[in-house]
**Q** 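Provided herewith is a single structure, encoded as structure tokens, for subsequent inquiry.
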There are 2 protein chains.
Amino acid sequence: MTNVKMTIKVARMAYDPDAYPAFAVTADLVVLTLREHALHALLVRRGGKPYAGRWALPGGFVQVDEDLEDAAYRELAEEAGVGRGDVVLEQLRTYGAPRRDPRMRVVTVAWLALGADLPDPRAGSDAADARWWRVADLLADPRRLAFDHAQILADGVERARAKLEYSTLATAFCPAEFTVGELRSVYEAVWGAALDPRNFHRKVTGAEGFLVETGERTTRGGGRPAMLHRAGAATALTPPILRPSP
Amino acid sequence: MTNVKMTIKVARMAYDPDAYPAFAVTADLVVLTLREHALHALLVRRGGKPYAGRWALPGGFVQVDEDLEDAAYRELAEEAGVGRGDVVLEQLRTYGAPRRDPRMRVVTVAWLALGADLPDPRAGSDAADARWWRVADLLADPRRLAFDHAQILADGVERARAKLEYSTLATAFCPAEFTVGELRSVYEAVWGAALDPRNFHRKVTGAEGFLVETGERTTRGGGRPAMLHRAGAATALTPPILRPSP
DNA sequence: ACAAAAGTGTTTGTGTTACACCCATGT
DNA sequence: ACATGGGTGTAACACAAACACTTTTGT
């Protein structure tokens, strides 16, 4: 939605413009990471109209010969300075209400990107003004966001929260090597709830394929040295780790 | 993909065709129902190229001023003779690989539609040739389907199977009033696995908000009269009813 | 010595499975 | 009488919550 420098190559496509309506298609991103033990999302400030000065999800037009997923990765690199290996990316949902962008008919394929220690976007970014926001603040004040991006953000956050339960997605928020306590703080930050360290440890080390011990220990974080782990091969988490109900 | 009678109204939209590429957007449907205790999907036969004679998911172009969900409901009515109240509809996923349609760049928003006793599509249908197929046969022989529709169908079936576990979606396959045994046969048909009738009964009647008794009984299906139920207000199913593992 | 975090053990309760058993109808 | 499906009871087991307790570091 912010990067409009590419040009159309309609001549390449054998299509009859009288046969069907033409849409613009964008790839927009809900990029989530943890900073200071809180869930943060990346937003870019809009320069021009509409919604000038408001904040929006990073994203932009999909190119004619570009796969949807490739477009998401490209925008991630251009607007967030984030490479393919730095995040886990999954398709979220597609938004296409007729007047969600007052300029024209835009269909937005939204993607969810999760990563650990993602960089401050000022460095090497396409977008002049971009920053991380606490997700809790954004959800509490949806007016800050342009278009229907508050809804997209809320859908992305809920997807992330739900997937922590029955998938191994939480490791996407961790560096290559991490302790069980660090993994627990991921769950606690995303869910906004405290978990019992003892029960969490048992569940997470018992789930097959979730974690593999490196053999090394660390004392970062203080206290007794903790075993370091890497993410295992499993993607599904059995049995699941459920959110506390109330 | 089959209905190409609408015309473009580009003049209505204030857009600059040099600023971004133009895409065609379609709404395609994975319509599932139960017939003869087996999961069936609706397909239409393609008349023209490409993939002439092959079978495809029902669907068509989204109109300029039309919401994506409205387009899905419209195609459902035009190609399947199914009204809004007859199905539960949810967005599945969006498919947009550059050459998935050799004619032009098409982005397809796929929808999952589940209903009970859906009509034979010959009556009152737009599509000349349309019929129900056993899902098991289609999944076993993906070549029968045009474009990437075998993948879309497989994604839709997997979504339906997964959602039966932790949502009340199964009632979408049932008529307004149904017995616990009929609901169980839904689970068995969608999952392709036998369930213990006694334990199923307990789980399903114990899950809060899933079923409400009508007070009436029926003897259809033989045996002792069974209580009739309607779908309750709940959408989430707690505790979930999990698929048998092996 | 003390704080802090890691990790283990135990108890108690809840949900699941497997299956015995009884109930109410049609033929 | 018997087959058929509806529905309840129960014992064995897995899992989760809550929490006492030990271990190993830094200060």
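What you see below is based on every heavy atom in this structure, not just the backbone, and it leaves out hydrogens, waters and symmetry mates. Here is how names work: the chains are called A, B, and so on, in the same order as the sequence lines, proteins then strands, and each is numbered from 1.
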**Q** Scan residues 166-176 of chain A against DNA chain C and write down, sorted by residue number, each residue with any heavy atom closer than 4.0 Å; if none is found, say none.
**A** none
**Q** Mind checking side-chain contact (heavy atoms from CB on, under 4.5 Å) for B:Arg143 and listing every partner two or more places apart, or none if nothing turns up?
**A** B:Asp141
**Q** Which is the 5'-most and which the 3'-most nucleotide of DNA chain D that has an atom under 4.0 Å from a heavy atom of chain A?
**A** D:dA16 to D:dT25
**Q** For DNA chain D, which residues of residues 179-186 of chain A approach it to below 4.0 angstrom with any heavy atom?
**A** none
**Q** Going by ring-ring contact (aromatic ring centres under 6.0 Å, His included), name the pairs with one or both residues in residues 193-242 of chain A, residues two or more places apart or in two chains.
**A** A:Tyr187-A:Phe200
**Q** Output the residues of residues 231-240 of chain B in contact with DNA chain C, where contact means a heavy atom of the residue under 4.0 Å from an atom of the strand; sort by number or write none.
**A** B:Pro239, B:Pro240
**Q** Could you check B:Arg224 against B:Ile241 and say which one's nearest nucleotide on DNA chain C is further toward the 5' end?
**A** B:Ile241
**Q** Would you say B:His37's side chain and B:Arg35's backbone share a donor-acceptor pair under 3.5 angstrom?
**A** no
**Q** Show the numbers, then the answer: is there a side chain to side chain donor-acceptor pair (under 3.5 Å) between B:Thr179 and B:Arg184?
**A** CA-CA 9 Å; B:Thr179 69; B:Arg184 176 168 49 83; over 6 Å; no
**Q** Check B:Leu57 against B:His149 and note the closest heavy-atom contact, atom names and distance.
**A** N-ND1, 3.0 Å
**Q** Only counting residues at least two apart or in another chain, list the ones meeting side-chain hydrogen bond (donor to acceptor under 3.5 Å, both in side chains) with A:Tyr95.
**A** A:Asp155
**Q** Given side chains that start at C-beta, do those of A:Trp111 and A:Val31 come closer than 4.5 Å, heavy atoms only?
**A** no
**Q** Under 4.5 Å between any side-chain heavy atoms of A:Leu183 and A:Leu211, yes or no?
**A** yes
**Q** For residues 197-207 of chain A, which residues have at least one heavy atom under 4.0 Å from DNA chain C?
**A** A:Arg198, A:His201, A:Arg202
**Q** For the residue pair A:Arg100 and A:Asp148, what are the closest heavy atoms and their distance?
**A** NE-OD2, 2.7 Å
**Q** Not counting sequence neighbours, list each pair that qualifies as a side-chain hydrogen bond (donor to acceptor under 3.5 Å, both in side chains) and has a residue in residues 208-225 of chain B.
**A** B:Glu182-B:Arg220
**Q** Please tabulate, for the side chains in residues 188-195 of chain B, all donor-acceptor contacts under 3.5 angstrom to protein atoms that are two or more places apart in sequence or on a different chain.
**A**
| residue | atom | partner | partner atom | Å |
| --- | --- | --- | --- | --- |
| B:Glu188 | OE2 | B:Leu195 | N | 2.9 |
| B:Trp191 | NE1 | B:Arg161 | O | 2.9 |

**Q** Can you name the nearest heavy-atom pair linking A:Val204 to A:Val180, along with the distance?
**A** CG1-CG1, 3.9 Å
**Q** Going 5' to 3' along DNA chain C, which are the first and last nucleotides with any atom under 4.0 Å from a heavy atom of chain A?
**A** C:dA4 to C:dT10
**Q** Is the NZ or CZ atom of B:Arg131 positioned over B:Trp133's six-membered ring, under 6.0 angstrom from the centre and within 45° of the axis?
**A** yes
**Q** Just wondering, do B:Leu164 and B:Arg159 contact through their side chains at under 4.5 Å, heavy atoms?
**A** no
**Q** Within a strict 4.5 Å, meaning less than it, do heavy atoms of the A:Glu69 and A:Leu89 side chains meet?
**A** yes
**Q** Would you please say whether a donor-acceptor pair under 3.5 Å links the side chains of A:Thr235 and A:Thr168?
**A** no
**Q** Can you list everything that forms a side-chain hydrogen bond (donor to acceptor under 3.5 Å, both in side chains) with A:Arg198? Sequence neighbours excluded, please.
**A** A:Asp196
